[in-house]
Amino acid sequence: MLKARWFKVINDLFGNKTRTLLIVLSMSVGLFAVGIILSARTILADGLAESFAAIHPSSGTVRTIQLFDEDFLESIRKMKDVQEADARRNISARLLTKSGEWKNLTVFVIADYDDIRVNKVTPQSGAWPPPEREILIERAAMPVIEAEIGDVVLIKFPNDVERRVRITGAAYDPAQLPAQIDGTPYGYVTFDTLEWFGEPYGFNELHVIAVNAQDKAWAQRVVNRVKDKVEKSGYTIPLSMIAEPGQLPMNDVLNGILLLMGLLGVLSLFLSVFLVVNTVSAILTQQKRQIGVMKAVGGSSAQILGMYLVMVLAYGALALLIALPLGVYGAQALSAALAGFFNFDLYSMESPPETFAVQIAIGLILPVLASLVPFVTSLRISAAEAMSNYSMGRGRFGGNVIDRLLSGANLWFARGFSIRSVLLSIRNTFRNKGRLILTLITLTLGSATFISVFNVRASLSSTVEDMIKWFNCDSMLALDRSYRADRIQSEAESIPGVVGTDVWIQLPARLIRDDGSESGLIYMFAPTVHPDSLIVSPSLPKEDGLPRVMRMQWSFPLPCSWMNLR
Amino acid sequence: MNSSTDSPLIELRSAVKVYESLAGSVTALDRIDLAVRPGEFLIVTGKSGSGKTTLVNIMTGLDRATSGEIRVNGEPIHKYGPERAAKVRGRTMGVVFQSFELLPTLTVLQNVMLPMDFAKRYPIWEQRRRAMSLLEEVDIADHAKKLPTALSGGQQQRLAIARAMANDPAILVADEPTGSLDSATAAVIMDIFERLVQERHTVFMVTHDEDIARRGSRIITLSDGKIIGMKESVHA
Ligand SMILES: Nc1ncnc2c1ncn2[C@@H]1O[C@H](COP(=O)(O)OP(=O)(O)O)[C@@H](O)[C@H]1O
Ligand SMILES: [Mg+2]
């Protein structure tokens, strides 16, 4: 049989169901958020790492303008410190969608789909490898090109050859940025199909894994040596990329999202702790007399403290009952959604046991710690004072500035009419200042959370708007090689509807540091903006000598590799 | 002779209580000397504000005296902190208040069991049996499963008495136990007190009602925190 004191705890808990429900729900929101974040982090990190390891990720990618063959690839494979290398053809084609729009499509041509050694592409559904005169599409790109397996699409190559091609399958290629993020869908064909498009045989993209690929600086040096060899062999490198070791391209974005959500979770946890303290203080004020009575019938402070601590523990336990299972499901749903969005597979949906340990610790310990102060202060007063009618407000009201203001004594302007009742209600608000402050903090934290969420959103969209303003043009063309600016500008302006053009050159460059080492790749844009150009409104700093901005002098005619049209 | 008939159950020596408040200090008890003897029905009377409640509070250890000595069963509770005083109180005294002070979320039975739970004197099955028999003694055993608010005022005060007797205390201390009751109901409460005294319990009671005070075996009159009169009752 249960001891009498626990009946009081139980009856208090279930006697005021609304209060219990409110506090339990608020705590479980915080605990749920903590659980979802902790579990999702682990599930996503494990999934990313496994997906990543499975594809044999490259340390670097080198693009060439001239095509190279297997023999050259073999010579790269034989290089010292190159663990593995593979090559493919990368072609910027275009695809006509159902809604009649020409979309960019990056087509990869791979010699042997069953022996990809770097940045592995794996079958997802449908045919494998791509049959002749048919194409596979990266699984995340399907919605971007508005197509499904079995559809026949019109694809146009840079050589103006158009072909109707059937999509016979979906491939999974986590090494690429997912199509819905950067807008570029990916397709996969064989060299036979490439020939059908009238393109010559050959590779233009080299993927290299350095030995000891985990060391980024080392891997970069190896990739640089590969680039030197490529250049010395007579190839031009328009583009090369160094991969961040151990992570997929969208790792940082994903971590950013999780960090933000983690912050929100902590905030909501704080909120619920304040709510617990607030509620506990309210209960203690309300039960002050009962505490005095329990002392009068022989209860020790420790025994009474135990009762109230169990009550708070019960709130925590009830909140955990809701938050633990919901957190597991939430983490699975969130992980699946994010993994889908960032296009990688999850290998396990298990919430790690540490998550539960953390949730239980927070759910049980935090509220107890937080309410210890109100407990101890209300248990310290004597039983007589707790039960006395004298103690109400004794020594609490009257002393300080706010109290004197609210006493109404100085309000000469109020003498003519009655504001006593108003003052009385305000005075009641200020009677228990500790609780008032707690309520204010809770409200402030709550609104701060909302405001910050909305601020981030507003700032994000205004930043995007600013960026769009920066590019004051309707279309930007990236050209596959340099052209004479005056010639292509006049050609473009002869097209009806084009009111202005503007050209940039984009040059891959590297900084040579003082010690002779080279930095990573830098894209240098040289805008050739005329003062009267309306197309790009660059807010480039006016003064010379500012860091990170290089002024360049060009004499016409300009070479250019970008053209902006309006 | 055993010691309980010899020495007083509660003894106050020069007990003083001064309240400090914003309005200034009030001497609620002024050098009180008093001994509660075993088996007596001692009633303290006096006007409102004369210091009766203050007297109850410091002799039960619910509040500390400003100075002076208070001994309960020989234990110097004026030297004890509130925790140790609560222990002594739980063992030796049962307290009854004017406004009953029952715990609203416990049933009638659980209200009687709570002091036994705190005192850990009886095993739990014994607590239940004892509580039932105490409720029978004050004639509210039928209401054991109800909440206190379902009882009438007189029934609530009888429940409070049953609760006060839970740990079989040497003395029952009551502060204006009839103050919230009509005279017929008050008479029933006084009957219970008299029966307890006949059963060799000691009762110390405070009242401002002089008619009720007459039923005590010894009557002390308090005024402005001082004892101004004492008489042994005729029918004692
Ligand atoms: N907590 C307190 N703070 C300040 N003064 C008090 C307090 N309790 C009682 N008093 C004062 O002490 C005196 C005695 O009060 P009390 O013992 O309650 O008298 P009684 O119970 O006889 O009516 C009164 O003047 C009362 O105003
Ligand atoms: Mg009184």
Where does A:Arg5 contact chain B at under 4.5 Å (heavy atoms): side chain, backbone, both or neither? both

Within a 6.0 Å radius of atom OH on A:Tyr329, are there more than 12 heavy atoms belonging to other residues, nucleotides or ligands? no

Is there a donor-acceptor pair under 3.5 Å between the side chain of B:Gln110 and the backbone N or O of A:Phe7? no

Atom pair CE (B:Met116) and NZ (A:Lys3), whose distance is rounded to the nearest 0.5 Å: 14.0 Å

With a 4.5 angstrom heavy-atom cut-off, could you sort out which part of B:Arg128 is near chain A: side chain, backbone, both or neither? side chain

With heavy-atom distances below 4.5 Å as the criterion, would you say the side chains of A:Arg380 and B:Pro82 are in contact? no

Taking every non-hydrogen pair under 4.5 Å, which of B:Ile124, B:Thr60, B:Val95 racks up the most with chain A? B:Ile124

Take atom CZ in B:Arg195; do more than 12 heavy atoms of anything else shown fall under 6.0 Å from it? yes

Could you grab the distance from atom CD of A:Glu385 to atom CG of B:Leu62, nearest 0.5 Å is fine? 12.5 Å

Against chain B, label A:Ile10 side chain, backbone, both or neither, depending on which of its atoms sit under 4.5 Å from a heavy atom there. neither

Does the A:Asn11 side chain pair with the main chain of B:Thr105, one donor and one acceptor, at a distance under 3.5 Å? yes

Check this for me: B:Asp224, atom CG, are more than 12 non-hydrogen atoms of other residues, nucleotides or ligands nearer than 6.0 Å? no

Ranked by heavy-atom pairs below 4.5 Å to chain A, first place among B:Ala164, B:Pro115, B:Pro169 goes to B:Pro115

Top of B:Leu102, B:Leu106, B:Thr107 for chain A proximity - count of heavy-atom pairs under 4.5 angstrom: B:Leu106

Rounded to the nearest 0.5 Å, how far does CZ of A:Arg289 lie from OG of B:Ser99? 5.0 Å

State, yes or no, whether a side-chain contact exists between B:Arg163 and A:Val293 at a heavy-atom distance under 4.5 Å. yes

Mind checking the OG-NZ spacing from A:Ser300 to B:Lys87? Nearest 0.5 Å is all I need. 6.0 Å

Might you confirm whether atom CZ of B:Arg64 has over 12 heavy atoms from other residues, nucleotides or ligands at distances under 6.0 Å? yes

Using atom types as modelled and distance alone, determine if a side-chain donor or acceptor of A:Gln303 lies under 3.5 Å from a backbone N or O of B:Phe118. yes

Could you tell me which portion of B:Glu101 (side chain, backbone, both or neither) has an atom closer than 4.5 angstrom to a non-hydrogen atom of chain A? both

Using only atom types and a distance under 3.5 Å, with no angle test, would you say the side chain of B:Arg89 pairs donor to acceptor with the backbone of A:Gly299? no

Output the distance between atom OG (A:Ser388) and atom CG (B:Asn57), rounded to the nearest 0.5 Å. 8.0 Å

How long is the span from the CE atom in A:Met294 to the CG atom in B:Leu114, to the nearest 0.5 Å? 7.0 Å

So what's closer than 4.5 Å to chain A heavy atoms on B:Thr53: side chain, backbone, both or neither? neither

